[in-house]
Colleague: 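Dropping the structure in here first, questions after.
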Amino acid sequence: MQGTEYGDEKLKQNMAEELRTRLLECQKEGRPLRVYCGFDPRKADLHLGHTVPMRKLRQFQELGHDVTFVIGNYTSLIGDPSDKDVLRPQLTHEEVEENARTYAEQAFRILDKEKTHIRFNAEWLAGISFEQLIRLASNFTMQQFLTRENFKLRWEKGDAIYLHETFYSLMQGYDAYALKADVQVGGTDQLFNIMTAARKIMEFMGEKPNIALILGILPGTDGVVKMSKSLGNHIPINTDANDMYGKVMSIPDMAMAQYYRLVTRLTPPQIAEIEEGIKNGSLHPRDAKMRLAREIVSAFYGDDDAINAEKVFIETFQKGSIPDNIPSFKNSENNTIIDILLTTGLAKSRSEARRLIDQKGVRFEGKVIDNANDVLPGNGVLQVGKRHFLRIE
RNA sequence: GGACGGUUACCCAAGUGGCCAACGGGGACUGACUGUAAAUCAGUUGGCGACACGCCUUCGGAGGUUCGAAUCCUUCACCGUCCA
């Protein structure tokens with residue numbers, strides 16, 4: 001139950017107890033636990049936040065349990081309203097299929113491909129009749145939905161709450177039933193979907209309700225709000241080692257604890273040791289974060305790349321030298337600095353380029369440029385802000 | 001079907017005839033400080049610019065009134081709330 005977060009001690013105890021019992025039952029039946037987690041391919045890219053439940057699944061795999069990775073190609077048509085206080089746009093089948101394509105592939109950076117079942121929930125949801133829907137829906141009251149925080153908020157604001165948004169929970173609940181799941185993994189935003197919807201539907205359909213394994217939510221690079229691509233605070237999985245390392249370093253210190261718990265392989269005692277070190281001053285928070293970054297990068301790219309990413313980071317940012325791989329630009333004589341910034345995309349407009357120069361944000365060979373209409377004296381490295389470099393040739 | 005209300009820059013949101021390229025907040029960007037931190041502080045955030053309180057394009061779409069409109073009128077589109 002490490003890394004779990006139920007927001008209610010009693011619930012956590014109940015779930016832990018139920019899990020123990022279920023494990024024993026399974027042992028008697030001579031089968032592993034059926035564990036699953038669903039992912040909605042509403043965006044094409046997975047990010048670190050998605051890997052939190054995946055890691056949990058991986059742990060189950062390593063213990064010999066039966067893991068299913070559900071791609072919510074049908075649920076994605078609605079979009080989970082759980083973590084949003086506004087309506088999510090509906091996607092088309094085509095958009096969802098397109099996103100789903102790369103999903104599994106990215107997931108296998110965490111999960112063991114050989115031991116993972118991949119299922120698409122359209123498989124069982126697409127064929128549900130209206131009659132079945134009526135039966136499922138009759139297990140729930142409007143009040144149950146309206147007292148959920150996110151709907152309640154919208155209700156009070158006088159914002160629209162569409163009927164179809166309530167279907168999402170039913171659909172997810174039906175997933176659990178279709179898979180005859182013993183355990184369902186999800187973030188705290190899934191508490192309602194798992195605890196209320198899935199368990200109720202499973203019981204209604206004559207199955208044993210699945211056990212909710214609720215995990216903490218990984219904050220984004222701002223350290224506060226849930227990681228999400230649409231908020232721009234995400235760390236994508238599909239990025240290179242250097243970028244990933246840098247992005248982890250940019251999280252605020254206060255978020256380190258969550259990151260250590262949710263996205264590293266360190267054990268609780270190891271994490272406790274690090275936290276104690278920071279507290280008593282024997283470990284510099286920066287070094288703790290560097291270790292965190294190394295851990296995370298190595299999980300995706302291996303130790304060699306992680307160590308290399310750290311070197312690059314130290315060189316570039318701590319020592320302020322210029323990175324190795326920077327784009328180059330073939331300059332011609334009559335290009336002013338503004339022209340260069342514009343054509344290379346370092347500035348979106350001439351005005352923006354001027355602004356950057358006015359604000360002393362543009363340097364050539366380390367010297368601040370103060371006249372926008374200057375022509376560069378020769379070859380060298382042009383730097384915009386802290387992170388953008390261009391080799392002028 | 002009836003009665004209201006809304007649509008403003010990346011997002012939220014003020015503005016109800018001229019001082020509006022448009023208050024404020026968020027985000028983003030630049031600089032200072034730093035641990036590429038975070039927090040904080042300062043600045044910037046439509047385009048073009050000989051950098052001038054100049055010009056051009058913006059306030060859902062189209063048309064109109066006016067010397068002058070985001071603001072008034074007509075019309076179209078979309079959205080919401082309430083009543084039934």
Side-chain angles (χ1 to χ4, degrees), chain A residues 84-90 146 151 153-165 219-235 239-260 274 277-278 281-294 296-297 309-323 326 336-339 341-342 344-364 366-374 382-389:
Chain A
K84 292 279 172 172
D85 52 5
V86 290
L87 173 71
R88 295 188 145 195
Q90 293 180 43
L146 290 176
F151 285 140
L153 222 71
R154 284 206 251 162
W155 178 269
E156 283 164 359
K157 271 176 70 185
D159 285 347
I161 301 167
Y162 289 90
L163 201 55
H164 75 268
E165 292 184 83
T221 49
D222 58 305
V224 183
V225 190
K226 178 186 175 181
M227 184 175 288
S228 118
K229 189 178 181 184
S230 49
L231 293 173
N233 65 358
H234 69 304
I235 303 177
T239 186
D240 59 77
N242 293 350
D243 184 53
M244 187 179 274
Y245 191 98
K247 284 206 161 74
V248 174
M249 286 306 288
S250 76
I251 66 168
D253 289 357
M254 52 176 261
M256 269 200 277
Q258 279 287 69
Y259 273 66
Y260 263 118
I274 291 167
I278 294 173
S282 66
L283 179 64
H284 194 295
R286 179 200 54 220
D287 296 330
K289 204 186 288 175
M290 286 172 78
R291 170 149 185 212
L292 175 68
R294 211 165 57 228
I296 291 173
V297 173
E310 183 161 287
K311 265 189 208 142
V312 170
F313 178 82
I314 291 171
E315 283 301 319
T316 311
F317 296 109
Q318 293 186 354
K319 295 188 182 163
S321 51
I322 297 152
I326 60 176
T336 63
I337 290 167
I338 290 189
D339 293 330
L341 293 179
L342 194 64
T344 55
L346 287 169
K348 283 198 210 72
S349 65
R350 300 181 75 82
S351 298
E352 187 177 306
R354 274 204 185 77
R355 253 177 250 133
L356 286 167
I357 292 162
D358 282 349
Q359 291 173 149
K360 303 185 195 307
V362 181
R363 268 166 282 238
F364 183 67
K367 280 178 71 181
V368 172
I369 287 166
D370 40 32
N371 192 336
N373 294 310
D374 276 358
L382 189 69
Q383 180 178 1
V384 179
K386 288 196 179 86
R387 295 188 248 185
H388 303 288
F389 299 90

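Just so we're on the same page: letters track the sequence lines, and every chain starts at 1.
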Colleague: Starting at CD1 of A:Ile338 and ending at C1' of B:G47, how long is that distance when rounded to a whole Å?
Modeller: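 Interatomic distance, CD1 of A:Ile338 to C1' of B:G47: 13 Å.
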Colleague: Using the C1' atom on both, measure B:U40 against B:C33 and round to a whole Å.
Modeller: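 The answer is 9 Å between these two C1' atoms.
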Colleague: Return the CD1 to CE distance between A:Ile235 and A:Met227, rounded to the nearest 0.5 Å.
Modeller: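 It is 4.0 Å, given to the nearest 0.5 Å.
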Colleague: Once you apply the 3.5 Å cut-off to both distances, tell me the Watson-Crick or G-U wobble partner of B:C20, or none.
Modeller: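 Base-paired to nothing in any strand shown.
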Colleague: Quote, to the nearest angstrom, the C1' distance that separates B:G54 from B:A39.
Modeller: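 It works out to 42 Å between them.
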Colleague: Which comes earlier along RNA chain B counting from the 5' end, the contact point of A:Ser351 or that of A:Lys247, where each point is its nearest nucleotide?
Modeller: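 With A:Ser351 and A:Lys247 compared, the 5'-side residue is A:Lys247.
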Colleague: Among B:C33, B:G47, B:A38, which nucleotide has an atom closest to any side-chain atom of A:Lys386?
Modeller: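 Looking only at heavy atoms from C-beta outward on A:Lys386, the closest nucleotide is B:C33.
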Colleague: Please determine whether a side-chain nitrogen or oxygen atom of A:Arg363 lies at a distance below 4.0 Å from atom OP1 or OP2 of B:G31.
Modeller: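 The answer is yes; a side-chain N or O of A:Arg363 sits under 4.0 Å from OP1 or OP2.
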Colleague: Has the side chain of A:Gln359 got a donor or acceptor that lies under 3.5 Å from a partner of the other kind on the base of B:G31?
Modeller: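 Per atom types, no contact qualifies.
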Colleague: When the C1' atoms of B:A42 and B:A77 are compared, how many Å lie between them, rounded to an integer?
Modeller: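 That atom pair is separated by 45 Å.
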Colleague: For nucleotides B:G6 and B:A13, find the distance between their C1' atoms and express it as a whole number of Å.
Modeller: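 B:G6 and B:A13 have their C1' atoms separated by 13 Å.
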Colleague: Report all interatomic pairs (protein N or O, nucleotide N or O of nucleotides 51-53 of chain B) with separations under 3.5 Å.
Modeller:
residue, atom, partner, partner atom, Å
B:C51, N4, A:Asn373, ND2, 3.1

Colleague: Applying a 3.5 Å limit to both distances, which nucleotide forms a Watson-Crick or G-U wobble pair with B:U44?
Modeller: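 Matched B:U44 with B:A28 under the 3.5 Å cut-off.
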Colleague: Across all strands shown, which nucleotide pairs with B:C51 by Watson-Crick or G-U wobble geometry, both distances under 3.5 Å?
Modeller: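 WC or wobble partner does not exist here.
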Colleague: State whether A:Arg350 and A:Asp339 are salt-bridged, where the test is any N-O pair (Lys NZ or Arg NE/NH1/NH2 against Asp/Glu carboxylate O) under 4.0 Å.
Modeller: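 Between A:Asp339 and A:Arg350 there is a salt bridge, with a charged N closer than 4.0 Å to a carboxylate O.
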Colleague: Paired with B:A14 by Watson-Crick or G-U wobble geometry, both distances under 3.5 Å: which nucleotide is it?
Modeller: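 Its partner is none (no Watson-Crick or G-U wobble pair with both distances under 3.5 Å).
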Colleague: Let's see if you can work this out: which of B:U30, B:U36, B:G35 has an atom nearest to the side-chain heavy atoms of A:Asp253?
Modeller: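 So the nucleotide nearest the side chain must be B:G35.
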Colleague: Under a 3.5 Å cut-off for both contacts, is B:A39 paired Watson-Crick or G-U wobble with anything, and if yes, with which nucleotide?
Modeller: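 Looking at the geometry, B:A39 pairs with no nucleotide.
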Colleague: Quantified in whole Å, what is the C1' atom distance between nucleotide B:C10 and nucleotide B:U65?
Modeller: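 My reading of the C1' atoms in B:C10 and B:U65 gives 35 Å.
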Colleague: Would you give the length of the straight line joining atom CZ of A:Arg294 to atom CE of A:Met249, rounded to the nearest 0.5 angstrom?
Modeller: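 Reported value, rounded in 0.5 Å steps: 10.5 Å.
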Colleague: Write down the distance between CG (A:Asp339) and C1' (B:G49), rounded to a whole number of angstrom.
Modeller: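 Spelled out: CG on A:Asp339 to C1' on B:G49 is 14 Å.
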Colleague: So which heavy atom on A:Tyr259 is nearest to which on A:Ile296, and how close?
Modeller: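 Looks like CD2-CD1, 4.1 Å.
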Colleague: Provide the Watson-Crick or G-U wobble partner of B:C78, both distances under 3.5 Å; none if there is no partner.
Modeller: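 Base partner found: B:G6.
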Colleague: Can you tell me how far apart CG (A:Asp287) and CD1 (A:Ile278) are? Round to the nearest 0.5 Å.
Modeller: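 Answer for the CG-CD1 pair, A:Asp287 versus A:Ile278, is 9.5 Å.
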Colleague: Could you work out the separation of B:A9 and B:U81 based on their P atoms and round it to a whole Å?
Modeller: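 Taking atom P in both B:A9 and B:U81, they lie 22 Å apart.
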Colleague: Which value, in whole Å, describes the distance between the C1' atoms of nucleotides B:G15 and B:U7?
Modeller: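 It works out to 15 Å between them.
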Colleague: If you check every side-chain atom of A:Arg355, which of B:U45, B:C48, B:U30 has the closest atom?
Modeller: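 Shortest atom-to-atom distance from the side chain points to B:U45.
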Colleague: For nucleotides 55-58 of chain B, tabulate all protein N/O to nucleotide N/O atom pairs closer than 3.5 Å, reporting atom names and distance.
Modeller:
none

Colleague: Starting from P on B:C29, measure out to CG on A:Leu341 and report it in whole angstrom.
Modeller: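 Taking atom P of B:C29 as the reference, CG of A:Leu341 is at 16 Å.
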Colleague: Tell me, do A:Glu352 and A:Leu341 make a side-chain contact under 4.5 Å, heavy atoms counted?
Modeller: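 Contact flag for A:Glu352/A:Leu341 side chains = no.
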Colleague: Which whole number of Å gives the distance between the P atom of B:C51 and that of B:U71?
Modeller: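 To the nearest whole Å, 34 Å.
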Colleague: In plain terms, say whether A:Asp243 and A:Lys247 are close enough for a salt bridge, that is, a side-chain N and a carboxylate O under 4.0 Å apart.
Modeller: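 A:Lys247 and A:Asp243: salt-bridged.
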Colleague: If I take atom CD in residue A:Glu315 and atom P in nucleotide B:G35, what distance separates them, rounded to the nearest angstrom?
Modeller: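 Atom-to-atom, A:Glu315 to B:G35, this comes out as 17 Å.
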Colleague: Using only side-chain N and O atoms of A:Ser349, determine if any of them is under 4.0 Å from OP1 or OP2 of B:G46.
Modeller: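 Negative; the distance criterion is not met.
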Colleague: So which nucleotide from B:A38, B:G47, B:C29 ends up closest to the side chain of A:Pro252?
Modeller: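 The answer is B:A38, which lies nearest to the side chain.
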